[in-house]
Amino acid sequence: MYHLYKLDDYETKLVILYSLHNLKMSPNYPTLSQVVSSSADVQYFELQEYLEALLEMGSVKESVVSGENIYSITTLGEETCEYFAKRIPASVREKVENAAKLVNNDKSDQNKIYADYIPINENEYKVVCGIKEENVKLLDFEMYAGSKERAKKICAYFKDHTNEFYMNIVSHLEENMNTPPPDVEE
């Protein structure tokens with residue numbers, strides 16, 4: 001059975017800084033959550049609390065790019081990370097580095113299919129899916145999925161049937177673009 005290390009509050013903040021330090025780009029919240037949670041037992045909503053504390057301390061900066069919040073490590077955060085990183089267990093540091101490498105490699109690809117599920121609250125989830133080609137979004141959508149299990153299934157289906165999904169949408173649009181909308185009675 002696979003178990004993740006449960007960090008204390010101090011270690012969790014250091015892991016967030018270490019994750020930001022190892023990422024080549026400023027991540028959005030889901031990407032940061034992915035890297036942190038792949039290395040230690042940190043829940044999605046717990047992460048938000050620690051991130052807020054780091055923002056207040058000035059170790060992390062939040063920016064809005066294309067309508068999306070992204071996070072970057074500040075000079076203070078870099079200094080803190082450099083000085084205290086060795087206090088993070090070596091196994092956790094290694095997992096952060098490996099997860100960051102995957103994200104860095106994935107983000108450097110110009111063609112990408114993505115599908116991820118994000119909690120709305122403890123029992124409800126939404127999915128964010130899309131296709132990017134040569135840094136142009138061909139398709140980008142999010143939708144309510146209900147349960148976590150259903151969200152996982154939607155993401156898996158999208159990844160396995162991306163071309164079919166995309167072609168069906170394009171075909172439907174092409175077939176119906178010249179059809180006038182039905183009259184709406186007021």
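The shown structure was predicted, so the numbers you read here are calculated from the model rather than taken from an experiment. The figures that follow rest on heavy atoms only: side chains count, while hydrogens, waters and symmetry mates do not.
The heavy-atom pair separating V128 from E142 by the smallest distance is CG2-CB, 3.9 Å. Contact between L14 and R87 at its shortest, heavy atoms only, is CD1-CB, 4.3 Å. Between S39 and K95, the closest heavy-atom pair is CB-CB, 3.5 Å. L17 approaches I73 most closely through the heavy-atom pair O-CD1, 3.5 Å. For the pair K13 and L54, the tightest heavy-atom approach, listed with the atom from each and the gap, is O-CD1, 3.7 Å. The two residues L138 and Y166 come nearest to each other via the heavy atoms O-CE1, 3.9 Å.
Looking at T74, its side chain does come within 3.5 Å of a backbone N or O of G58 through a donor-acceptor pair. With hydrogens and angles ignored, the 3.5 Å screen pairs a side-chain donor or acceptor of N104 with a backbone N or O of N22. Between the side chain of E52 and the backbone N or O of E49, no donor-acceptor pair lies under 3.5 Å. Proximity of a side-chain donor or acceptor of S33 to a complementary backbone N or O of Y29 within less than 3.5 Å is not detected.
To the nearest 0.5 Å, atoms CG (D116) and NZ (K126) are separated by 10.5 Å. Atom CD of residue Q43 and atom OH of residue Y50 lie 11.0 Å apart, to the nearest 0.5 angstrom. S19 OG to R93 CZ: the interatomic distance, rounded to the nearest 0.5 Å, is 12.5 Å. With rounding to the nearest 0.5 Å, the separation of OH in Y18 from NE2 in H21 is 6.5 Å. For the atom pair CG of L51 and CG of N69, the computed distance is 9.5 Å after rounding to the nearest 0.5 Å.
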Enumerate donor-acceptor pairs with a distance under 3.5 Å from any side-chain N or O in residues 144-160 to protein atoms, sequence neighbours excluded.
residue, atom, partner, partner atom, Å
Y144, OH, E124, OE2, 2.7
S147, OG, R150, N, 3.1
R150, NH1, A145, O, 3.1

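Residues L32 and L76 do not share a hydrophobic cluster, defined by chaining ILVMFWY side chains whose heavy atoms lie under 4.5 Å apart. Residues I120 and V127 fall into different hydrophobic clusters, defined by Ile, Leu, Val, Met, Phe, Trp and Tyr side chains chained together at heavy-atom separations under 4.5 Å.
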Before giving the answer on side-chain contact (heavy atoms from CB on, under 4.5 Å), spell out for T12 and E46 the whole-Å C-alpha distance, their side-chain angles and the decisive distance to 0.1 Å.
CA-CA 10 Å; T12 302; E46 282 181 315; over 6 Å; no
Verdict with reasoning, T31 to Y71, per side-chain contact (heavy atoms from CB on, under 4.5 Å):
CA-CA 10 Å; T31 302; Y71 301 92; over 6 Å; no
Show your reasoning for whether side-chain contact (heavy atoms from CB on, under 4.5 Å) applies to F165 and L139.
CA-CA 10 Å; F165 190 89; L139 176 68; 3.8 Å; yes
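E174 and N176 share no side-chain donor-acceptor pair at under 3.5 Å. No side-chain donor from either of N168 and S171 sits under 3.5 Å from a side-chain acceptor of the other.
Of the residues listed (I70, V35, L20), the one engaging P27 in a side-chain contact (heavy atoms from CB on, under 4.5 Å) is L20, and it is the only one.
The neighbour count for E62 CD, taken as heavy atoms of other residues, nucleotides or ligands under 6.0 Å away, is above 12. For OH of Y83, the number of neighbouring non-hydrogen atoms (other residues, nucleotides, ligands) closer than 6.0 Å is 12 at most.
Side-chain contact between E11 and P89 is present, with heavy atoms from C-beta onward closer than 4.5 Å.
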